[in-house]
There are 2 protein chains.
Amino acid sequence: MNSPARKPSRIQTENRQRIRDAALGLFATHGFRGTTLDQIAEACGMHKPNLIYYYDSKEAIHIDLLNTLMEEWLSPLDAMNPDGDPLEEILGYIRRKMEMSRLYPRESRLFANEIVQGAPRMLPHLERTLKPLFDRQCGILAKWMKDGKIAEMHPAHLIFSIWAVTQHYADFEAQISVLLPGDDKRARGADQFVEMMFRKVLTP
Amino acid sequence: MNSPARKPSRIQTENRQRIRDAALGLFATHGFRGTTLDQIAEACGMHKPNLIYYYDSKEAIHIDLLNTLMEEWLSPLDAMNPDGDPLEEILGYIRRKMEMSRLYPRESRLFANEIVQGAPRMLPHLERTLKPLFDRQCGILAKWMKDGKIAEMHPAHLIFSIWAVTQHYADFEAQISVLLPGDDKRARGADQFVEMMFRKVLTP
DNA sequence: CAAGTTTTTTACCATTTGGTAAAGTTACGA
DNA sequence: TCGTAACTTTACCAAATGGTAAAAAACTTG
């Protein structure tokens, strides 16, 4: 076991990453309770007690995943520049969110599972990390509205609607692929629709 | 055990309903694997083997719930009248969806859980029941667009966005209540925002 | 390369969990 | 009201699952 003061060895860093990567896919598609340590072990080519050597418990893996991924998951929101062109900043954010839905559906579903089930392991993190960022960005949006750069509306609900629409494509993909088969141009169609939609909504 | 030909007794009807009601809340907040038969039994004041007397397995309860609720869950979509005023028909549908998010969050989360995890027990049902309805309503929307009654856009993605935004308020309530505390006027604010949003999007 | 440390593997355990068997109780039609 | 079918309860079980103990193997470092 590693003492708390020592920094992790190369092997530790690598293997923890392997574990997280395997666990991410499984937690995303089966949820926390639906995923077993044996499944994670098999998915990353390790043995069950080896997981516990690197993480104290199954829950510790889950929590570490949520914490590790939250930051980069939220980074596009943070990247909105208060001094840029309002409409283009927001549309840029929306484009990045659509891209992330396509590139990182596992992350999207991991958070979706967690929050749908009441965020039992993430509520404090939402309070401490997401809330301040959210409030700040709402402030930026409010200022843009007051300056007449974009249409006047409730900034919080605007952000909710952006999250809802963009993440829907990752979280509910199983349903979408049934209703809109032939996935060739689906991504482009989605991108075009979402851009058109929010352009209309935001234009004063 | 009841023979397949006999129709269920009063006690059977009542107790199955009690079981479904208890299971709905638990499946919605803990997912399928996260819910145990003992939890369901306790929640409806029955004993575990009694559940198995009414349902062959835990999975049978889950499947019956999905099947039973799917129809009424989709009924507002079916209620869109092709001969009514297009904008008002769609906005009426959106209002009903918002109302359902508020009145039936358990149902919304039950389906959210199921679909996020790849709809393992619902894919055939989506194909057989949802797909035809969806295609029909897309056709109605397309005609309204061709007639210039509402703005031109991809009908399927319009429906996706309606589902995404309205169900987001039920499915991600844990997050929303952190970001927008003081729930007094939250529902009204949401309703107003969503109506304004889609009015803009749909106006030609 | 030898001693010590880190990492991996094997064997195992206690609890939980979905489900069964069968006895006991209640409801209900003749 | 009596017999039978429907329903409920108690006791139980096998498999799955999260986790532990400790020996074996591999790696690091003086």
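Below, chain A is the first sequence line, B the second, and so on; all start at residue 1. Only heavy atoms go into these numbers, but all of them, side chains included; no hydrogens, no water, no symmetry mates. For clarity, every value in this text was computed on a predicted model and none was experimentally measured.
- By the salt bridge (charged side-chain N to carboxylate O under 4.0 Å, His left out) test, E72(A) is found to be paired with no residue, residues two or more places apart in sequence or in another chain being considered.
- Shown here is E195(B), whose CD atom has more than 12 heavy atoms of other residues, nucleotides or ligands within 6.0 Å.
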Scan nucleotides 14-17 of chain D against the protein and return all N/O pairs shorter than 3.5 Å with their distances rounded to 0.1 Å.
residue	atom	partner	partner atom	Å
dT17(D)	OP1	R33(B)	NH2	3.3

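- Looking at T29(B), its side chain does come within 3.5 Å of a backbone N or O of G25(B) through a donor-acceptor pair.
- At dT8(D), one or more side-chain N or O atoms of Y54(B) fall inside 4.0 Å of OP1 or OP2 (strictly under the cut-off).
- We find that OH of Y53(B) is positioned 18 Å from P of dG24(C), with the value rounded to whole Å.
- D85(B) has no carboxylate O lying under 4.0 Å from a charged side-chain N of K149(B), or vice versa, which leaves the two without a salt bridge.
- Note on N15(A): a side-chain N or O is less than 4.0 Å away from OP1 or OP2 of dT8(C).
- The CG atom of L26(A) sits 12 Å away from the P atom of dG18(D) (whole-angstrom rounding).
- Checked against side chain to side chain donor-acceptor pair (under 3.5 Å), W163(A) has the following partners two or more places apart in sequence or in another chain: Y93(A).
- Between F172(B) and F111(A), the ring center distance fails the sub-6.0 Å criterion.
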Please set out all donor-acceptor pairs under 3.5 angstrom arising from side-chain atoms of residues 112-126 of chain A, sequence neighbours excluded.
residue	atom	partner	partner atom	Å
N113(A)	OD1	Q117(B)	NE2	3.0
N113(A)	ND2	A28(A)	O	2.9
N113(A)	ND2	R109(A)	O	3.3
E114(A)	OE2	R121(A)	N	2.7
E114(A)	OE2	M122(A)	N	3.1
Q117(A)	NE2	N113(B)	OD1	3.0
R121(A)	NE	H62(A)	ND1	3.0
R121(A)	NH1	E59(A)	OE2	2.9
H125(A)	NE2	N67(A)	OD1	3.3

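- Within a 6.0 Å radius of CD in E88(B), more than 12 heavy atoms belonging to other residues, nucleotides or ligands are found.
- Separating the CE atom in M197(B) from the CE atom in M197(A) is a distance of 3.0 Å, to the nearest 0.5 Å.
- Atom P of nucleotide dT8(D) and atom CE of M46(B) are separated by 5 Å, given to the nearest angstrom.
- The two residues N81(B) and W144(B) make their nearest non-hydrogen contact at O-CZ2, 3.4 Å.
- Separating the CG atom of N50(A) from the P atom of dA11(C) is a distance of 16 Å, rounded to the nearest angstrom.
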| field | Bracket notation of DNA chain C in which parentheses pair within the strand, [ ] cross earlier pairs, and | pairs with another strand (Watson-Crick or G-U, under 3.5 Å) | value | ||||||||||||||||||||||||||||||
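- Remark: R102(B) fails to qualify as a cation-pi partner of Y169(B) under the 6.0 Å distance and 45° angle criteria applied to the six-membered ring.
- Proximity of Q12(A) to the phosphate of dT6(C): no side-chain N or O atom is located under 4.0 Å from OP1 or OP2.
- Regarding I52(B), its CD1 atom lies at a distance of 7 Å from the C1' atom of dG18(C), rounded to whole Å.
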Any N/O pairs under 3.5 Å between the protein and nucleotides 25-30 of chain C? List them or say none.
residue	atom	partner	partner atom	Å
dC28(C)	OP1	R10(B)	NH2	3.2

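- Atom NE2 in H47(B) sits roughly 5 Å away from atom P in dT9(D) (whole-Å rounding).
- Atom-to-atom, CG of L51(B) to P of dC7(D) comes out at 15 Å; the value is rounded to the nearest Å.
- Rounded to whole Å, atom P of dT6(C) lies 17 Å from atom CD of E14(A).
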